[in-house]
Amino acid sequence: MSNPTPITTLIKAFAKIHNKQHVFDEAQAVNVWRSLMSPETLAHTLKIEMKNGILFVKVDSPALKNDLRLQSDDFRQKINAKFSQEVVREIAIL
């Protein structure tokens with residue numbers, strides 16, 4: 001009996017065949033963002049979404065918003081490093 005193929009591998013292959021790899025990558029970029037954030041930051045995060053290469057993050061704290069804006073380029077580089085290509089062109093902190 002053969003080993004089953006992980007679902008993520010199948011989804012990634014399907015996305016590539018149908019020229020939707022960017023959709024898969026954008027969904028993964030949101031997950032990478034979450035993995036980079038502390039539980040405290042995530043507790044103040046209201047919404048995270050990707051549209052056209054821009055990661056939109058809405059938070060409920062002005063101080064946190066300012067802090068994340070100052071670090072956004074560093075976070076963008078860390079996220080893109082996970083993909084070995086530019087998936088996130090910009091991070092918009094709202």
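Index from 1, following the sequence.
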Tightest non-hydrogen contact, residues T41 and T45, listed as O-OG1, 2.8 Å
Smallest heavy-atom separation, M37 atom then L68 atom, equals SD-CD2, 4.0 Å
At what distance, to the nearest 0.5 angstrom, does [atom1] of [X] lie from [atom2] of [Y]?
X   : Y   : atom1 : atom2 : result
F56 : I93 : CZ    : CD1   : 10.5 Å
R89 : M50 : CZ    : CE    : 8.5 Å
D60 : K65 : CG    : NZ    : 9.5 Å

Residue set satisfying salt bridge (Lys or Arg N to Asp or Glu O under 4.0 Å) with E90, at least two apart, ordered chain then number -> none
Salt bridge (Lys or Arg N to Asp or Glu O under 4.0 Å) partners of K51, counting only residues at least two apart: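 With sequence neighbours excluded, K51 shows a salt bridge (Lys or Arg N to Asp or Glu O under 4.0 Å) to no residue whatsoever.
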Would you list the atom pairs, donor with acceptor, under 3.5 Å between side chains in residues 24-34 and any protein atom, with sequence neighbours excluded?
from : atom 1 : to  : atom 2 : distance (Å)
D25  : OD1    : Q21 : NE2    : 2.9
D25  : OD2    : Q85 : NE2    : 3.2
E26  : OE2    : G53 : N      : 3.2
Q28  : OE1    : N31 : ND2    : 3.3

Residues at least two apart in sequence or cross-chain that pass side-chain hydrogen bond (donor to acceptor under 3.5 Å, both in side chains) with N52, listed by chain then number, are none
Across all chains, not counting sequence neighbours, the side-chain hydrogen bond (donor to acceptor under 3.5 Å, both in side chains) partners of Q71 are D67
#### Entry: Within one Ile-Leu-Val-Met-Phe-Trp-Tyr cluster: L94 and I54, side-chain cutoff 4.5 Å
yes
Side chains of residues 74-81: which donor-acceptor partners sit under 3.5 Å, not counting sequence neighbours?
from : atom 1 : to  : atom 2 : distance (Å)
R76  : NE     : D73 : OD1    : 3.2
R76  : NH2    : D73 : OD1    : 2.7
Q77  : NE2    : D73 : OD2    : 3.2
N80  : OD1    : V87 : N      : 2.8
N80  : OD1    : V88 : N      : 2.8
N80  : ND2    : R76 : O      : 3.3
N80  : ND2    : V88 : O      : 2.9

